[in-house]
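Structure record follows, encoded as structure tokens.
Atoms within each ligand, like the ligands themselves, are counted from 1 in listed order.
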Amino acid sequence: MSISKNIADFNHQLEGTSARLIAVSKTKPQEAIEEAYAAGQRAFGENKVQEMADKAANLPKDIEWHQIGHLQTNKVKYLAPFVALIHSVDSIKVLKEINKQAKKVDRIINCLLQVHIAEEQSKFGLSYEETADILCEIAKDYQNIRITGLMGMATNTDNEQQVRKEFAGLKKFFETHKTKDLCPNVALQEISMGMSGDYKIAIEEGSTMVRVGSSIFGHRNYDQ
Ligand SMILES: *Cc1c(COP(=O)(O)O)cnc(C)c1O
């Protein structure tokens with residue numbers, strides 16, 4: 001299996017759709033990222049802050065680093081100087097910390113609110129109600145943050161209808177709220193949904209960012 005061929009295949013599949021590829025390189029070595037980079041890929045997703053910071057220090061500066069996994073507040077300071085987009089804002093507590101650390105490094109950090117759309121209890125994410133409160137009311141208190149969209153992870157199931165329903169629900173909420181009276185630092189543009197197992201459905205349901213790891217880099221030895 002070749003990483004560069006997989007990148008080319010994905011770009012081909014994404015042509016003419018609204019989605020772009022975030023290559024999820026978590027647990028993979030620097031060389032794997034270098035190969036994807038040589039094939040033209042610039043946006044990479046990681047879920048461990050320390051790992052992302054180490055990779056960012058050693059790899060080309062025009063890489064966009066995306067934080068896709070649950071973010072602990074005590075780790076925010078390490079990614080604030082360089083992160084391009086945080087997909088996984090799942091509490092007001094972490095929003096507040098991102099704002100604080102962004103201010104310290106004189107940045108405005110782009111964030112997505114992670115909405116809990118799956119049936120499983122274990123996944124992180126805000127309810128639709130909490131998401132609406134942040135978009136319309138709470139975000140304005142955090143001026144070093146720009147909320148550029150939403151992220152959602154569907155239930156891990158073979159039931160395509162269920163996955164489609166969850167993605168469609170997120171898209172519907174997104175469209176409805178676009179026209180509402182949102183905080184000045186909110187602009188709903190991105191909808192991050194779809195992984196290796198369900199990206200095709202996500203694209204059909206209007207994803208603008210698919211986060212794909214194993215289909216590009218191969219299976220991970222341990223899952224994070
Ligand atoms: C690991 C991960 C992905 C990529 O998963 P694959 O199934 O390997 O494509 C996408 N999103 C998040 C939040 C992840 O943690």
Taking both backbone and side-chain atoms of K26, is any N or O found less than 3.5 Å from an N or O belonging to ligand 1?
->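 Yes, there is a polar N/O contact under 3.5 Å.
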Can you check whether G213 has an N/O within less than 3.5 Å of an N/O in ligand 1?
->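 Yes; at least one N/O pair falls below 3.5 Å.
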[X] versus [Y], closest heavy-atom pair with distance:
X    : Y    : answer
N6   : S215 : ND2-O, 3.5 Å
A102 : N144 : CB-O, 3.6 Å
W65  : K55  : CH2-CB, 3.8 Å

Partners passing salt bridge (Lys or Arg N to Asp or Glu O under 4.0 Å) against R164 (at least two apart in sequence or in another chain) |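 Once residues adjacent in sequence are excluded, the partners of R164 under the salt bridge (Lys or Arg N to Asp or Glu O under 4.0 Å) criterion are E160, E204, E205.
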Those atoms of ligand 1 less than 4.0 Å from some heavy atom in V212 | 9 (O)
Taking only heavy atoms of S196 into account, list the atoms of ligand 1 that are under 4.0 Å away from them.
->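 Heavy-atom distances to S196 below 4.0 Å select 6 (P), 7 (O), 8 (O), 9 (O).
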Those residues that, when tested against K172, pass side-chain contact (heavy atoms from CB on, under 4.5 Å) (two or more places apart) | T176
Can you figure out which of M153, M151, H87, R211 has its heavy atom closest to atom 11 (N) of ligand 1?
->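 The option holding the nearest heavy atom is R211.
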